[in-house]
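By convention in this document, chain letters (A, B, ...) are assigned in the order of the sequence lines, proteins followed by strands, and residues within each chain are numbered from 1. Source: prediction; values computed, not measured.
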Amino acid sequence: MVEGRPAIREQMDLLLKGCVDVVRPEDLETRLLAAQREKRPLTVKVGFDPSAPDLHLGHAVVIRKMRHFQQLGHRVVFLIGDFTGMIGDPTGKKATRPQLTREQVAANAETYKRQIFKLLDPRATVIDFNARWLGALTSEEWIRLTARVTLAQMLERDDFAKRLAAGEAISLHELLYPVAQAYDSVALKADVELGGTDQLFNLLVGRDLMGKLGLPPQIVMTLPLLEGLDGVEKMSKSLGNYVAVEDAPEEMFGKLMSVSDALMWRYWTLCTDLAPAQVEALKKAVANGERHPMDVKFELARTITADFHDASAAAAAEAHFRTVHQKREVPDEVAEVVLPASPEPLPVVKVLVMAALAPSNAEARRLLQQGGVKLAGETVRDPFATLDARAGSAHLAQVGKRRFARIRFS
RNA sequence: GCGGGUGUGGCCGAGCGGUCAAUGGCAGCAGACUGUAAAUCUGCCGGGCAAUGCCCUACGGUGGUUCAAAUCCAUCCGCCCGCACCA
């Protein structure tokens, strides 16, 4: 289908890059060759939670792998687990999640689209919902399905085994989760399923079930869970150590610059398409002093920001970072805030609150006292200071290191 | 159904009836330092007030005891845990 497809060796290199588990690589190669011969795309399935539409760089690791498949002419299925979401992947905590309404699921799907199409090609992406087939199964079908999976199999999963050993409760419906996910692969006739390393078990159940039902078993590929900005915990929104796919260019750039030197290599590997050999070369150049780590990090931030936005946005974000964070200067573009004029001078405290630079008067006062407020470049510490608020007067205000506003009265 | 426990500020979590806007940790904010929004150190961290103080709101809800309650009592609600019941 795609002409001029790279040699199989190169295809494999691209697809295997960054993967942790691949079951099995030789099957992948065989399948790729078969697809090529039969001029059909492979179906690559990846499941996503229906309730968490805020994607971050960690999710992007998998999405990027989906893109690799697309680049080779294959078809990816972005599967929203609206049915399995009722169960909730029993990875420990809250087992059952509130069921989303049809409208919520649809709305979340739209949010997903907006985000994933920053990386994926919409023409080669199918968005599907597993309630479509799982919701249609009769109880009889469920019984036939679950008959294919044994308890011993389920107990191979670490958290089930641990919980059982610890005498903790395991609800029966939790056992259904891997089975349901496995059935997704059957329903989609998936050739490949991708997921995080934490998904390995579920993906393998899918592979197994397909085999039992007489389908060619899917190839399973897992990708590492990306460490968050702190370099310790995995990236997650609740830990606040994340870079959202939808972060504004400046924010994205800045967050990436805050990554530690050590962690930067991880990001180079998992969040860019730079070939492993090139990453190694960069690493070596930094190690022997040829390249400054900061420069390499700038390049990283530029690359990733450009990927989610575009080159010019990345360049602007970089310029912003250099002026605001490196040189500590006022950025070129400062948001203007227009406030109603007053013949009398207004207390700075009030103005900061009106301009949304501080959430409350008390907070504004604190900021002043701590030296966190500059007006026209001068630090103002007096909590009783006032400001000319007559129509037409304007003031450049800075709060903290990086929040600016041009306040104009009219 | 019986018995026990628990419910505190964005989160976790302390809290002799007064001195509690409430210890501590996390998160957040500011300052210093730095190649960086990292690390580290320091300070702040409910709100209102021309204010070294006064006032308001807050410790699951509602009543009550008391000069005084996050702290005691009653009751209701939520959560957790034992036990029992289960045609």
With a 3.5 Å cut-off and heavy atoms only, can you find an N or O donor on one side and an acceptor on the other between the side chain of Gln370(A) and the base of G31(B)? no
Which base, if any, makes a Watson-Crick or G-U wobble pair with G17(B), both distances under 3.5 Å? none
Given atom CD of Gln398(A) and atom C1' of C29(B), what is their separation to the nearest angstrom? 14 Å
Is Lys374(A) close enough and on-axis enough to Phe404(A), meaning under 6.0 Å and within 45°, for cation-pi? no
NZ or CZ of Arg148(A) within 45° of Tyr183(A) ring axis and under 6.0 Å: no
In whole angstrom, what separates Arg402(A)'s CZ from C29(B)'s C1'? 10 Å
Taking any strand in view, what nucleotide pairs with C79(B) in a Watson-Crick or G-U wobble way, both distances under 3.5 Å? G5(B)
Rounded to whole angstrom, note down the P distance from U62(B) over to G53(B). 32 Å
Residue matched to C29(B) through Watson-Crick or wobble contacts both under 3.5 angstrom: G43(B)
Complementary nucleotide for A70(B) - Watson-Crick or wobble, under 3.5 Å: none
Can you tell me how far C1' in C12(B) sits from the matching atom in G28(B), rounded to whole Å? 15 Å
Tell me: CG of Leu263(A) to C1' of A37(B), nearest whole Å? 15 Å
Please give the distance between the C1' atoms of A30(B) and C45(B) as a whole number of Å. 10 Å
Provide, to the nearest angstrom, the distance between the CG atom belonging to Asp261(A) and the C1' atom belonging to U34(B). 12 Å
Can you name the residues that form a ring-ring contact (aromatic ring centres under 6.0 Å, His included) with Phe78(A), not counting sequence neighbours? Phe48(A), Tyr112(A)
Does a donor on one side chain sit under 3.5 Å from an acceptor on the other, for Glu193(A) and Gln199(A)? no
Could you work out the separation of G18(B) and U66(B) based on their C1' atoms and round it to a whole Å? 11 Å
For a quick check of understanding: with a heavy-atom distance under 4.0 Å over all strands, which category does Gly400(A) fall into, base, sugar-phosphate or nothing? sugar-phosphate
Looking only at heavy atoms, what is the nearest atom pair of Ala301(A) and Met257(A), with distance? CB-SD, 4.0 Å
Which is true for Gln326(A) with a 4.0 Å heavy-atom rule: it touches a base, it touches only sugar-phosphate, or it touches nothing? sugar-phosphate
Specify the separation, in whole Å, of atom CD of Glu318(A) and atom P of A37(B). 15 Å
Please give the distance between the C1' atoms of C2(B) and G60(B) as a whole number of Å. 24 Å
For nucleotides A50(B) and U34(B), find the distance between their C1' atoms and express it as a whole number of Å. 40 Å
Anti or syn, where syn is a glycosidic angle within 90° of 0; which label fits A58(B)? anti
Using the C1' atom on both, measure G63(B) against C77(B) and round to a whole Å. 15 Å
Using a 4.0 Å heavy-atom cut-off across all strands, classify Asp295(A) as base, sugar-phosphate, or nothing. nothing
Classify the nucleic acid contact of Phe298(A) as base, sugar-phosphate or nothing, counting any heavy atom under 4.0 Å across all strands shown. nothing
For the NZ atom on Lys284(A), are there more than 12 heavy atoms of other groups (residues, nucleotides or ligands in this structure) within a distance under 6.0 Å? no
For nucleotides 45-50 of chain B, give me one character per nucleotide, 5' to 3': B if any protein heavy atom sits under 4.0 Å from the base, S if the only such contacts are to the sugar-phosphate, - if neither. S-SSS-
Residues, nucleotides or ligands: over 12 heavy atoms within 6.0 Å of Glu26(A) CD: yes
Would you kindly compare Arg381(A) and Lys255(A) by the position of their nearest RNA chain B nucleotide and give the one closer to the 5′ end? Arg381(A)
Take atom CG of Leu300(A) and atom P of A38(B), then tell me their distance rounded to the nearest Å. 17 Å
Give me the distance, rounded to whole Å, that separates A22(B) from G47(B) when you measure between the C1' atoms they each carry. 16 Å
To the nearest Å, how far apart are Tyr242(A) OH and A27(B) C1'? 13 Å
Phosphate contact (A30(B) OP1 or OP2) by Lys401(A) side-chain N/O below 4.0 Å: no
Short side-chain donor-acceptor distance under 3.5 Å, Gln70(A) and Asp121(A): no
Look at all strands and tell whether Glu250(A) reaches a base, only sugar-phosphate, or nothing, counting heavy atoms closer than 4.0 Å. base
Please check if any side-chain donor atom of Lys189(A) sits under 3.5 Å from a side-chain acceptor atom of Thr43(A), or the reverse. no
Measure the distance from NZ on Lys297(A) to C1' on U34(B) and round it to the nearest whole Å. 11 Å
